[in-house]
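Below is one structure, written out as structure tokens; the observations come after it.
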Number of protein chains: 2
Amino acid sequence: MRKTADPRADRRRRAERILDAAGELLVSWGYRRVTVDEVARRAGVGKGTVYLHFETKEALFLTVLMRSQLALAERFLDDIRRDPEAVLLSRIVATAFRWVHEDPILRAVLIGDTETLGTLSRSAPDVAGDILDERWRVVDAYLDVLREHGLVRADESREAQRHALGAIITGYLTADALMPPGGPDVEGRAAMLAHVVRAAFETPGDRAAVHTVVPRVVALYQHMLDRLRQEIGRRDLS
Amino acid sequence: MRKTADPRADRRRRAERILDAAGELLVSWGYRRVTVDEVARRAGVGKGTVYLHFETKEALFLTVLMRSQLALAERFLDDIRRDPEAVLLSRIVATAFRWVHEDPILRAVLIGDTETLGTLSRSAPDVAGDILDERWRVVDAYLDVLREHGLVRADESREAQRHALGAIITGYLTADALMPPGGPDVEGRAAMLAHVVRAAFETPGDRAAVHTVVPRVVALYQHMLDRLRQEIGRRDLS
DNA sequence: CGCGTGACCAGATTTCTCATCCGGTCACGA
DNA sequence: TCGTGACCGGATGAGAAATCTGGTCACGCG
């Protein structure tokens with residue numbers, strides 16, 4: 001590896017390389033079968049070097065998972081900054097659905113794919129339970145903001161809406177195994193999902209309130225971003 | 001067992017007892033751990049007697065699964081005969097959701113619960129694939145009837161609708177593991193599910209067409225009932 | 001004589017034992 | 001000083017041995 005005048009940046013880059021390698025192997029083989037040795041080899045470092053950055057195999061892979069969620073939150077913020085209507089629930093849900101098809105790690109996280117995650121599914125709540133809770137709090141706060149401003153219907157309880165949303169998204173991510181082969185392509189599914197969410201959760205009419213809620217929604221996702229970065233930093237030994 | 005003048009009815013009753021016992025044990029222990037000996041014991045017969053009725057362990061349990069689906073189809077028909085509006089998609093979906101909470105076997109079937117079903121999940125498509133296909137054909141035909149009569153929107157493809165429906169129902173049956181504990185009770189969930197389906201799939205306004213579609217929908221479910229009975233009869237050695 | 005039964009058997013599954021693997025450590029060498 | 005891979009002890013995997021279980025059918029009872 002080419003050295004630069006900044007050893008800190010070099011270490012950062014090396015950590016990213018390790019995380020990239022770990023992510024690729026996680027997707028290919030699943031947590032259980034990936035060895036730290038193989039990650040090291042793929043990243044072009046020695047095994048001991050991995051432990052210079054991450055205290056345990058688990059810490060390494062939990063960081064991989066969080067990075068993935070960070071990327072989604074960043075995507076949301078980008079979209080909203082580009083187009084304020086991207087703040088709408090149907091837009092957020094469709095974005096998440098599309099992103100899941102680009103990032104298999106995120107998919108594994110969202111559906112608790114035990115084949116990919118192995119014992120991480122079980123340890124994550126103990127080790128990072130507060131950030132999992134935070135995620136749901138952000139969803140709740142987001143729904144609240146949109147309900148207040150008439151962008152999400154308020155004639156059903158927020159509890160029922162959150163549950164329904166979770167169920168619908170989960171179903172969209174997992175139902176293939178139970179249905180006949182085929183069906184719409186990813187884009188077709190994203191469109192129908194957006195339609196379902198629009199029809200069932202949003203209100204008809206004027207979207208002027210979008211501009212009012214943007215700063216608040218941005219703050220929520222920024223907060224989530226900060227929390228994820230903080231959690232990632234907490235496991236970084238370099 | 002008290003004998004009657006009708007040996008055939010006695011045998012029928014004994015088969016039902018065996019099926020009941022098998023169903024209870026399937027729910028408690030899952031297919032893999034239930035032995036035919038235990039089923040026999042619970043039904044109060046000898047193990048060989050079970051084989052007088054069902055050729056294999058698999059045939060016995062496939063019959064248990066089909067009986068469960070039969071009961072759901074019968075429930076649909078009852079509801080529709082009592083109230084023609086029960087033919088609406090949102091009503092059908094809510095009924096199925098509620099019934100699933102009364103019949104854990106049906107739940108296992110609908111979500112392909114491998115813990116409960118074990119190798120039945122794999123063998124069912126080979127052995128009873130035509131009836132699984134039939135189920136989807138009935139769903140398609142049902143959607144077609146309702147679309148034709150303006151009771152389901154026709155501005156999305158039927159393919160997209162069927163997929164969305166499958167995804168939403170699946171999510172409602174499986175998402176609990178991925179969400180924080182709590183949320184609405186069964187009835188609250190059924191209501192929200194009905195609302196989502198109504199908003200996303202149904203058309204506003206006049207329901208007069210309900211009376212027109214009832215005979216056709218009844219025929220579809222009756223046909224499904226007949227097929228299930230036929231399939232059950234095919235595996236009955238008594 | 002008809003039929004319900006549970007002992008029997010062979011293949012399937014589980015348990016146990018031993019071999020190998022792998023997470024984490026750290027002495028070594030660049 | 002720091003990147004490394006050999007090392008070690010606990011975890012996991014593989015294969016052998018033990019046990020279980022689906023299916024069969026000879027037996028005995030009504």
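Naming: A, B, ... by sequence-line order, numbering from 1 per chain. Note that the structure is a prediction, hence the values are computed from the model and not measured.
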Atom-to-atom span, [atom1] of [X] to [atom2] of [N] - whole angstrom:
X	N	atom1	atom2	value
A/Arg11	D/dG3	CZ	P	8 Å
A/Glu38	C/dC21	CD	P	14 Å
A/Leu60	C/dG24	CG	C1'	13 Å
B/Arg41	D/dC20	CZ	P	13 Å
A/His53	C/dT25	NE2	P	16 Å

Next on the checklist: Between B/Leu89 and B/Tyr142, is there a side-chain heavy-atom distance shorter than 4.5 Å?
Outcome noted: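 Side chain of B/Tyr142 against side chain of B/Leu89, heavy atoms only: contact under 4.5 Å found.
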
Checklist entry - Does a donor on one side chain and an acceptor on the other come within less than 3.5 Å for A/Gln161 and A/Arg158? => result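 Note: A/Gln161 and A/Arg158 side chains miss the donor-acceptor criterion.
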
Next on the checklist: For B/Asp236, give me all partners under side chain to side chain donor-acceptor pair (under 3.5 Å), at least two apart in sequence or on another chain.
Outcome noted: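 B/Asp236: side chain to side chain donor-acceptor pair (under 3.5 Å) contacts with B/Arg12, B/Ser238.
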
Checklist entry - Excluding sequence neighbours, so at least two apart, what forms side chain to side chain donor-acceptor pair (under 3.5 Å) with A/Arg189? => result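 Residues passing side chain to side chain donor-acceptor pair (under 3.5 Å) with A/Arg189: A/Asp176, B/His163.
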
Checklist outcome for this item: Contact string for nucleotides 21-28 of chain D, one letter per nucleotide 5' to 3', B = base within protein heavy-atom range under 4.0 Å, S = sugar-phosphate only, - = neither, reads SBBB----

Item to check | B/Phe54/B/Leu237 under side-chain contact (heavy atoms from CB on, under 4.5 Å): CA gap, chis, key distance, verdict | outcome: CA-CA 6 Å; B/Phe54 305 98; B/Leu237 300 180; 5.7 Å; no

Checklist entry - How far apart are the C-alpha atoms of B/Arg235 and B/Met66, what are their side-chain angles, what is the distance that settles it, and do they pass the side-chain contact (heavy atoms from CB on, under 4.5 Å) test? => result CA-CA 11 Å; B/Arg235 290 171 214 283; B/Met66 282 178 222; 3.8 Å; yes

